[in-house]
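To start, the structure itself, in structure tokens.
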Amino acid sequence: MSHASRAEVATSAPQASGAAAGFRPERTLRLGVELRRQFKRRRTIGVFALMAALPLILIGALALGGAEEAEENARVNLVDVATASGLNLTLFTLFATSGFFLVVVFALFFGDTVASEASWGSLRYALATPVPRARLLRQKWLAALVMSVGAMLTLVLVALVAGGIAYGFDAVQTPVGVALDQRTGLVRLAGMVGFLVVHLLIVGTLAFWISTLTDAPLAAVGGAVFTTVVFAVLEAVEQLGAIRDWFPTAFGFAWTDLLQTPVDSGDLFRGVVQGLAWSALFTALAFRHFARKDVTS
């Protein structure tokens with residue numbers, strides 16, 4: 001056998017893992033490819049369009065509402081100072097959307113990404129490409145995270161710019177009468193967004209886990225949102241005592257503590273730690289189940 005023939009045989013020989021020669025798992029289903037696929041979907045375009053429109057709707061609603069008193073809140077009442085500046089409008093927008101609207105957005109992007117492809121039957125073809133299961137799930141998790149965070153940043157940036165045009169780019173006025181200069185306000189706003197991403201990642205990863213259990217996207221998204229609502233209702237039951245602090249929804253509004261001077265970081269720190277812990281648990285459960293799931297039938 002010639003030298004060229006031996007080289008050809010060596011090149012075509014399968015790898016020790018059984019994979020074909022030249023196969024590189026890290027080259028399959030690149031994140032950029034998955035993001036382009038997801039951004040072309042109508043639900044993604046619709047969510048981002050709604051995120052961009054929501055601050056404008058709130059500006060219109062505040063203009064129509066005039067100076068009516070807002071309903072009291074246990075922590076802060078951001079409605080009263082929503083028109084003080086663009087930063088104030090942004091804070092009010094986060095306050096108005098973080099309790100349910102952003103929950104649905106994170107649940108949608110994370111819960112729909114696997115279950116929808118399973119229902120279409122395209123999941124089995126992706127694995128037959130072949131894409132390793134763990135890599136496929138990781139890429140979809142990362143794509144869902146990018147889209148969720150991107151949607152939130154769209155909401156924040158549009159609120160900041162539109163609010164600045166409508167109300168000026170002045171300092172932040174807190175409901176308790178404390179003013180934060182613009183630079184401090186922007187730093188605090190970045191911290192609030194970061195905290196909310198970690199907190200909302202809980203519902204996102206829960207939806208992601210359910211998405212590996214079912215082929216129905218609505219079940220994954222609705223199941224995560226319903227579970228979040230149930231825990232939020234249980235938080236109001238005072239008889240449960242300290243056990244409520246361990247719920248996935250606990251410390252959901254701790255980000256408003258960043259409006260204080262000095263900042264009380266106790267609930268913020270615990271909220272971040274618990275958020276990461278719950279998210280890691282749900283993500284691990286998703287990977288564990290997907291590794292054993294039959295996607296060929």
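Positions are given from 1, in the same order as the sequence printed here.
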To the nearest 0.5 Å, how far apart are [atom1] in [X] and [atom2] in [Y]?
X	Y	atom1	atom2	result
T90	L160	OG1	CG	4.5 Å
L89	I59	CG	CD1	5.0 Å
N88	Y167	CG	OH	10.5 Å
E235	L240	CD	CG	10.0 Å
L213	L285	CG	CG	8.5 Å
L108	T113	CG	OG1	10.0 Å

Do the side chains of [X] and [Y] join up, straight or via other hydrophobic residues, at under 4.5 Å, putting them in one cluster?
X	Y	result
F226	L206	no
V103	L276	yes
F231	L281	no
F109	L54	yes
L196	V156	yes

What's the shortest heavy-atom distance between [X] and [Y], and which atoms?
X	Y	result
F106	V197	CE2-O, 4.2 Å
R244	A250	O-CB, 3.5 Å
L200	V203	O-CG1, 3.0 Å
F290	L137	CB-CD2, 3.7 Å
A159	T93	CB-OG1, 3.9 Å
K140	V114	CD-CG2, 4.0 Å

Donor-acceptor under 3.5 Å (Q274 side chain, D245 main chain): yes
Check: L145 main-chain N/O paired with S148 side-chain donor or acceptor under 3.5 Å: no
Can you find a heavy atom in the side chain of [X] that is under 4.5 Å from one in the side chain of [Y]?
X	Y	result
Q139	V33	no
F100	V225	yes
L155	F101	no
T205	W278	no
M147	V47	no
T97	M152	no
L268	V263	yes

Q38 and R43: CA distance, side-chain angles, deciding distance, side-chain hydrogen bond (donor to acceptor under 3.5 Å, both in side chains) verdict: CA-CA 9 Å; Q38 296 297 333; R43 66 106 157 94; 3.0 Å; yes
Centroid-centroid under 6.0 Å between F251 and F195 rings: no
Quick check: are there more than 12 heavy atoms from other residues, nucleotides or ligands sitting under 6.0 Å from [atom1] of [X]?
X	atom1	result
F39	CZ	yes
F269	CZ	no
L218	CG	no
L56	CG	yes
F169	CZ	yes

Aromatic W255 / basic R188 pairing, under 6.0 angstrom, 45° off normal: no
Passing option when L189 is tested against L94, V172, L258 for side-chain contact (heavy atoms from CB on, under 4.5 Å): L94
CA sep, side-chain torsions, deciding dist, call: L157, M51, side-chain contact (heavy atoms from CB on, under 4.5 Å): CA-CA 10 Å; L157 292 176; M51 285 295 198; over 6 Å; no
Geometric class of the W141/F110 ring pair [parallel <30°, tilted 30-60°, perpendicular >60°]: perpendicular
